[in-house]
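Take a look at the structure below.
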Amino acid sequence: MSYLREKQKIPLKIKRMGINGEGIGFYKKTLVFVPGALKGEDVLCQITSVKRNFVEAKIVTINKKSKFRVQAPCPIYDECGGCQIMHLAYPKQLDFKDDLIKQALKKFKPENYEDYEVRPSLGMAEPWHYRAKLQFQTRMVSKKVTAGLYAEGSHRLVPIENCVVQDSLTQEIINKVVFLLDKYKVPIYNERKVDGVRTVMVRKALSSQEVQLIFICSREVRLSGVIKELSEAFTQIKSVALNKNQSKSSEIYGQETEIIWGTETITEKVLDYEFSLSPRAFYQLNPQQTEVLYDQVVKALEVRSDDHIIDAYCGVGTIGFAFAQKVKSVRGMDIIPEAIADAQKNAKKMGYDNTHYESGKAEVIIPKWYEEGYRADAIIVDPPRTGLDDKLLATILNYQPPKMVYVSCNISTLARDLQKLSKVYKVDYIQSVDMFPHTARTEAVVKLQVKNNT
């Protein structure tokens, strides 16, 4: 690729879009990635980086626009990096997400992947202000407290005061938090020398409208004045916690979390059941689409009344609770002890005596249960973006529960895991649910059945 150099301008026809929402074209057989370009566009772009097998470029001019290009309604869209495809008409975003799944399958080639039924993505009627949880970094910018997200690939904070995908109340609360941290001169973390508040998490339960806050700090800080004014201004705030994180890594949370004001949990509802969420417990950030997602999981698992179910990565028990009334037993595990405590309390509150939850790793707990004589007819896995742990994958392939549903938030690691799972399981279908409109991410529900049981 000696004929290509940085700052060189080249014409390009965009053939498709990549996993990060960027446009992809070929210049003299060289792969070119162009953020912001859409499939079908002709662009003049300038090369920003030359790699061994590809180059990266930025748009200079769009000579032929896609008819699906729209004006993003966010003033900081190009700067923020939180959303990647807001400039693509929403119905076409759903098509793009279906294509992402097909691209991932083609890359990893699980057995018979060409025959998989990839069902059209289920989108939102109103894909705005859907994020019920925010985690904004706090820093001092021009001697003022500022909250927002880092610009992509940098540690430059982009202030966010009016996000079009963030729930309006959570945005209002973080804006007030920033004002009060400034007013009370609360120390704000600086990567070089200052200890203080580094991140603020705000989460709203859609059903109860209750709000929970976590202040993530690198040392103890005085927040009494901030909390007093916040709780007076927003009666929806029910719970405030402090999390200590002194690590220099990019991990958001430290190990210790304590409630410093209000209740230990907030109440949320999905499908036909209520549950409690403690500050560190995982729950989907788009509660409206969570209804759709869980409904798809219920349809895919097709349980019988005598089934025993394992809910791996169970969190506060939410997916498993959708089955508790329909099956013989539900067992779940999670590595976050607070989540398991929530799951146990939630099950008790709902009157379930056929559920069992343990804190620990699935690949350790499942073999223990099997040694004790427990046999699962079905397993649900909802792993983090890193996909299934290798040991858990080996455990599943060893015990082979007849029915399986894989809920994935990262189609690349999903396709990678299906490589191994497809040796034992038949993939019935993949159903994408758009949990993250305007981003290059999607959630997928995969129905699998053991081959010798079909």
Side-chain angles (χ1 to χ4, degrees), residues 14 17 20-23 33-39 41 43 45-46 48 56-62 65-94 96-97 123-182 188 199-204 211 233-234 285-286 288-289 434-442:
I14 305 301
M17 290 170 68
N20 298 310
E22 71 280 58
F33 294 94
V34 189
L38 296 176
K39 182 180 175 181
E41 292 187 329
V43 301
C45 56
Q46 185 175 40
T48 54
E56 294 168 339
K58 64 180 181 183
I59 295 172
V60 177
T61 51
I62 302 172
K65 274 190 183 182
S66 165
K67 61 181 176 182
F68 303 113
R69 178 176 283 277
V70 295
Q71 181 63 46
C74 172
I76 56 167
Y77 174 55
D78 295 330
E79 214 186 335
C80 162
C83 298
Q84 299 83 39
I85 55 170
M86 200 181 279
H87 59 293
L88 178 61
Y90 186 61
K92 283 292 161 186
Q93 290 186 24
L94 301 179
F96 160 70
K97 293 183 183 196
M124 299 185 74
E126 290 294 327
W128 306 103
H129 300 290
Y130 63 82
R131 290 184 66 104
K133 177 183 177 181
L134 66 73
Q135 287 176 162
F136 280 3
Q137 305 296 321
T138 55
R139 295 293 183 271
M140 295 299 291
V141 178
S142 303
K143 297 186 179 177
K144 283 192 71 176
V145 180
T146 304
L149 300 173
Y150 289 131
E152 202 172 347
S154 81
H155 265 215
R156 181 177 62 80
L157 196 73
V158 178
I160 301 174
E161 294 174 5
N162 185 21
C163 177
V164 296
V165 297
Q166 191 61 52
D167 173 85
S168 302
L169 178 62
T170 59
Q171 180 70 65
E172 216 182 314
I173 289 172
I174 193 71
N175 291 350
K176 184 75 170 179
V177 167
V178 167
F179 169 78
L180 293 172
L181 290 174
D182 223 11
I188 303 298
T199 309
V200 180
M201 187 283 284
V202 185
R203 169 158 63 187
K204 185 184 94 173
V211 173
F234 300 97
L285 57 77
N286 184 339
Q288 284 173 273
Q289 286 293 84
D434 190 20
M435 300 292 285
F436 319 105
H438 314 298
T439 76
R441 290 173 57 195
T442 193

Shortest non-hydrogen contact from Gln135 toward Leu149: O-CD2, 3.7 Å
Taking all atoms of both residues into account, what is the closest heavy-atom pair of Thr138 and Thr199, and its distance? OG1-N, 3.9 Å
Could you note down all residue pairs passing salt bridge (charged side-chain N to carboxylate O under 4.0 Å, His left out) where residues 166-177 supplies at least one of them, sequence neighbours left out? Asp167-Lys204
Between the side chain of Asp182 and the main-chain N/O of Lys144, is any donor-acceptor distance below 3.5 Å? no
I'd like to know if the side chain of Gln166 and the backbone of Arg131 have a donor-acceptor N/O pair within less than 3.5 Å. yes
Once rounded to the nearest 0.5 Å, what's the spacing between atom CZ of Phe33 and atom CD1 of Ile14? 11.0 Å
For Arg441, does its backbone N or O pair with a side-chain atom of Lys97 as donor and acceptor, under 3.5 Å? yes
Can any side-chain N or O of Ser66 pair as donor or acceptor with the backbone N or O of Phe68 at less than 3.5 Å? yes
If we only count heavy atoms from C-beta on, is the Leu285 to Phe436 side-chain gap below 4.5 Å? yes
To the nearest 0.5 angstrom, please state how far the CE atom of Met435 sits from the CD atom of Gln289. 6.5 Å
Do Val34 and Ile59 touch side chain to side chain, with heavy atoms closer than 4.5 Å? yes
Closest non-hydrogen atom pair between Pro35 and Ala57, with its separation: CD-O, 3.2 Å
Do Leu134 and Met201 come within less than 4.5 Å of each other through their side chains, counting heavy atoms only? no
From Leu180 CG over to Asn175 CG, what is the distance, rounded to the nearest 0.5 angstrom? 11.0 Å
Show me the donor-acceptor pairs, under 3.5 Å and distance only, between side chains in residues 81-93 and residues at least two apart or in other chains.
residue	atom	partner	partner atom	Å
Gln84	OE1	Ala440	N	2.7
Gln84	NE2	Gly81	O	3.1
Gln84	NE2	Gly82	O	3.3
His87	ND1	Tyr77	OH	2.7
His87	NE2	Gly36	O	3.1
Tyr90	OH	Met124	N	3.0
Tyr90	OH	Asp434	OD2	2.6
Lys92	NZ	Asp95	OD2	3.2
Gln93	OE1	His438	N	2.9
Gln93	NE2	Ile85	O	3.1
Gln93	NE2	Leu88	O	3.0
Gln93	NE2	His438	ND1	3.0

Which residues share a ring pair (Phe, Tyr, Trp, His ring centres under 6.0 Å) with Tyr150, sequence neighbours left out: His155
Roughly how far, to the nearest 0.5 Å, is the CD1 atom of Ile188 from the CZ atom of Arg139? 9.0 Å
Side chains of Cys74 and Ile76 in contact at under 4.5 Å (non-hydrogen atoms): yes
Taking all non-hydrogen atoms of both residues into account, name the closest pair between Val178 and Ala147 and its distance. CG2-CB, 3.4 Å
Just so I know, are the side chains of Lys65 and Glu41 near enough to count as touching, which here means a heavy-atom distance under 4.5 Å? yes
Assess the residue pair Val200 and Phe136 against the criterion (side-chain contact (heavy atoms from CB on, under 4.5 Å)); give the C-alpha distance rounded to whole Å, side-chain angles, the decisive distance to 0.1 Å, and a yes or no. CA-CA 6 Å; Val200 180; Phe136 280 3; 5.6 Å; no
Side-chain contact test, heavy atoms from C-beta onward, threshold under 4.5 Å: evaluate it for Arg69 versus Ile62 and give yes or no. yes
What's the shortest heavy-atom distance between Ile160 and Cys163, and which atoms? CG2-CB, 3.7 Å
Could you check whether any side-chain heavy atom of Thr170 comes within less than 4.5 Å of a side-chain heavy atom of Arg203, counting everything from C-beta outward? no
